[in-house]
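Chain naming here is simple, since letters A, B, ... match the order of the sequence lines and numbering starts at 1 in each.
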Amino acid sequence: MTQTLITAALPYVNSFLHLGHLAGAYLPADMYARFLRLSGRNVLFVCGSDEHGVAITISAEKEHTTPDKIIDKYHFANKLAFEKFGMSFDIFSRTSLPEHYDTAQEFFLDWLDKGLLVEKEENQFYDETAEMFLPDRYVEGTCPNCGNERARGDQCDNCSANYNQTDLINPKSVVSGKTPVVRSTKHWYFKMGDFQQRLEEYIESNASKWKDNVLQQSRSWLKQGLADRAATRDMTWGIPVPVEGAKGKVIYVWFEAVLGYISATKEWAKLRHTPDAWKSWWQNSDTEYIAFLGKDNIVFHTLIFPMLLMAKDKYILPTNVPANEFMNFEGKKFSKSMNWGIFLHDFQRDFPSPGQTDSLRYTIAMNLPETKDSDFTWQDFQARNNNELAAIFGNFVNRVVQFLQKNFDGKVPVLPERFAKVNDAWKLLLEDFSREETREQALEKYEDKHLRYFSPNDVALIAALHFGAKKVAEHYTRFRFRDAVTETMNIARAANKYFNDTAPWKSVKADPDECAKTLYLCSQTISALSLLFAPILPNTCATISGMIGAQSVTGEPNAPQIDRWSTVALPTLTEGTPIAAPEVLFTKIEDSTITEQVAKMGGTTAVAEVKTPAEPSDIIAIDDFKKIKLRTAIVISAERVPKSEKLLKLQVNLGTETRQILAGIAKFYTPEEMVGKTVVVVANLAPAKLMGMESQGMLLAANTPEGTLALVTPESVVGAGSEVR
RNA sequence: CGCGGGGUGGAGCAAUUGGUAGCUCGUCGGGCUCAUAACCCGAAGGUUCUAGGUUCAAGUCCUAGCCCCGCAACCA
């Protein structure tokens, strides 16, 4: 029997988790893990915090604290948020543990032994104030190629030129703002090129199974060729290079963080007092390994990590890497710095109930960015909760339970004499069904045969449960989570249809026996739904289990390995089982709640943009203002500047002359609508070069609270070249 | 020519190796009254971004173009 190892990308402990993280990796991983466990499969679900890298030392400095404090803060916050969200990790570990240091160093030494690491001496910028070598990201300067003044360490964003860090003209440290000095330093480079061919074979051998985005990204890297890459860094924060004389050098996170999956598994094994148990996962060809992550992480799991595992030998490689795209928030990317989006802990503060957590899981699941970037909106959250969870699933449970309270003493009906053999008939029906591929075939072939105890409606319901569960399982197996959820909800729809079509509120008077059987089936359906929804809505399903007095089965870790999924359509509740008083599973979300949340978003951003009142020192004399020559101008022509997202190239008539002005308004104004507009320009501004073109002045625009721009234009027609005072 | 993804009814998305364009929401009409003004049934609504091409057959493959988004910069 094969087993499944599941990992979800290690969250970087430099920020709080937001909904985008959940959509990218964690929710699908959790749904998958729970589904497999409910199918009786042996599963190990592993995750943990990624706690190294320069960003953490810099954050520590900014917050005047130590890296230890930073990582603790985020690690525990994220761990707690994950728990509340219902992540069913077997272990949530962290890469700052000794276990991980040992693992990483062991791998490093092994590569060294095998000659996979080569030492290279090179010159690098060193910030004397911050006492650190500067990674490429932390140096800015003038591009040696195009003269762009804001080029990054090794690449220019403007002309895309690649060069050596030390070729930068007028370099500045991003950390201290000072000019860094050049120092020589020694590093170990991983010979990635050695694995080019094996990785190509690995990728192509999986081509038929893997998602397209994953393949394309991986192939794109391979096509460019794998170059040697530094596997070490000059830093204090990280895992020391375990070699004599390597003081002040740590293993680069690229070559260390992903090993955290293995270390986490070791920690799990240790906690269970079976320290070698991790090997039966990582060094066992019966293990199927599925790595969940977002698109930014693809090559680390399809190329780098497999390469490290190949190098070490004996380890299994990822069987599949079902990477998602990104989930945006209300149309724009989640951003910590722009305060845009919903952070998990904020959501949990505002929507603390388990049912609301499930609503969030459901909404995200229905919007998973499986094939392209998707969007989370508050409105959608409300609609999903109210129209689907509450109206369809919640309402079905509620109407059945209420009906039982009123007519059956709050118990699963006892089957009347006439239908005493329903359970046996049910079994036979499912045996017949399981021989058929599709619901349609099954109904056509077997419906008539079972009409002695069942009505056509009954048969249709059982068929919906059986074939629905089968379909959902297929979707999970193929990593089609959105489809899985949609199909699950369709089973609840079928349940509602059954209730409607059998109309027990009529049969309760006309044919009480029939009514009892109907509600017996409905009760079993609630039990079945509580299993089918468990991967998506674990909290709610646990609640239902409580209501029907059943043991909660939601695919939690360490549960007994029983395949309940394939028998979900069979009755599980015995006659006469008491059903607890109705509990509303999903409360509706009011418009006002959503309005409130919408009002909050981007709040900090808007406030930040409001101008602070002028300080006395900011006050200028009239003469100062007179230095600025403002004139009206009419836009003659406008065009986009290629490769620039903000700039429009305008030709404006200033009355006496025509000038070219590059204006950063392309995000808010099209070239077409600019032509003919009368604008206000600063006429005596020194010309500047932008994107290699000259701009002779600037035009005035006001920042709006929404973060867009509004052009300043005269209220009435004034013509070109008028003075503005 | 930096890399990657994408343009499909009003909205959001699907559509295996080319083979009847589907789903959810919304809209309109009907049914029901057990239930959270919920549920169920039915209908309308598409030149699949544009222009060519390959094919018995194209949303899907090829060529050219237009337009979005992401990455490249802490962040799935």
B/A35, OP1 or OP2 - any side-chain N/O from A/K406 closer than 4.0 Å?
yes
Can you sort out the partners of A/D127 under salt bridge (Lys or Arg N to Asp or Glu O under 4.0 Å), two or more places apart, ordered by chain and number?
none
Using a 4.0 Å heavy-atom cut-off across all strands, classify A/Y26 as base, sugar-phosphate, or nothing.
nothing
With rounding to whole Å, what would you report as the distance between B/G29 and B/G65 at their C1' atoms?
45 Å
Across the strands shown, which category fits A/R482 at heavy-atom distances under 4.0 angstrom: base, sugar-phosphate, nothing?
sugar-phosphate
Under 4.0 Å, heavy atoms only, any strand: does A/A25 hit a base, just the sugar-phosphate, or nothing?
sugar-phosphate
How about A/Q379: does its CD atom have over 12 heavy atoms from other parts shown lying under 6.0 Å from it?
no
Are the side chains of A/P11 and A/F92 in touch, meaning some heavy atoms are under 4.5 Å apart?
yes
Report yes if the ring of A/F403 lies under 5.5 Å from the six-membered base ring of B/C34 with planes under 30°, and no otherwise.
no
Walk along nucleotides 17-27 of chain B from 5' to 3' and tag each nucleotide B, S or - by protein heavy-atom contact under 4.0 Å, base first, then sugar-phosphate.
------SSSS-
Answer with base, sugar-phosphate or nothing: what part of the nucleic acid does A/N14 contact at a heavy-atom distance below 4.0 Å?
sugar-phosphate
Test your reading of the model: is there a side-chain donor-acceptor pair from A/D458 to the backbone of A/S455, 3.5 Å cut-off?
yes
Taking only residues two or more places apart in sequence or in another chain, which ones pass salt bridge (Lys or Arg N to Asp or Glu O under 4.0 Å) with A/E51?
A/R94
Less than 4.0 angstrom between a side-chain N/O of A/Q402 and OP1 or OP2 of B/U36, yes or no?
yes
OP1 or OP2 of B/G4 sitting under 4.0 Å from any side-chain N/O of A/K372?
no
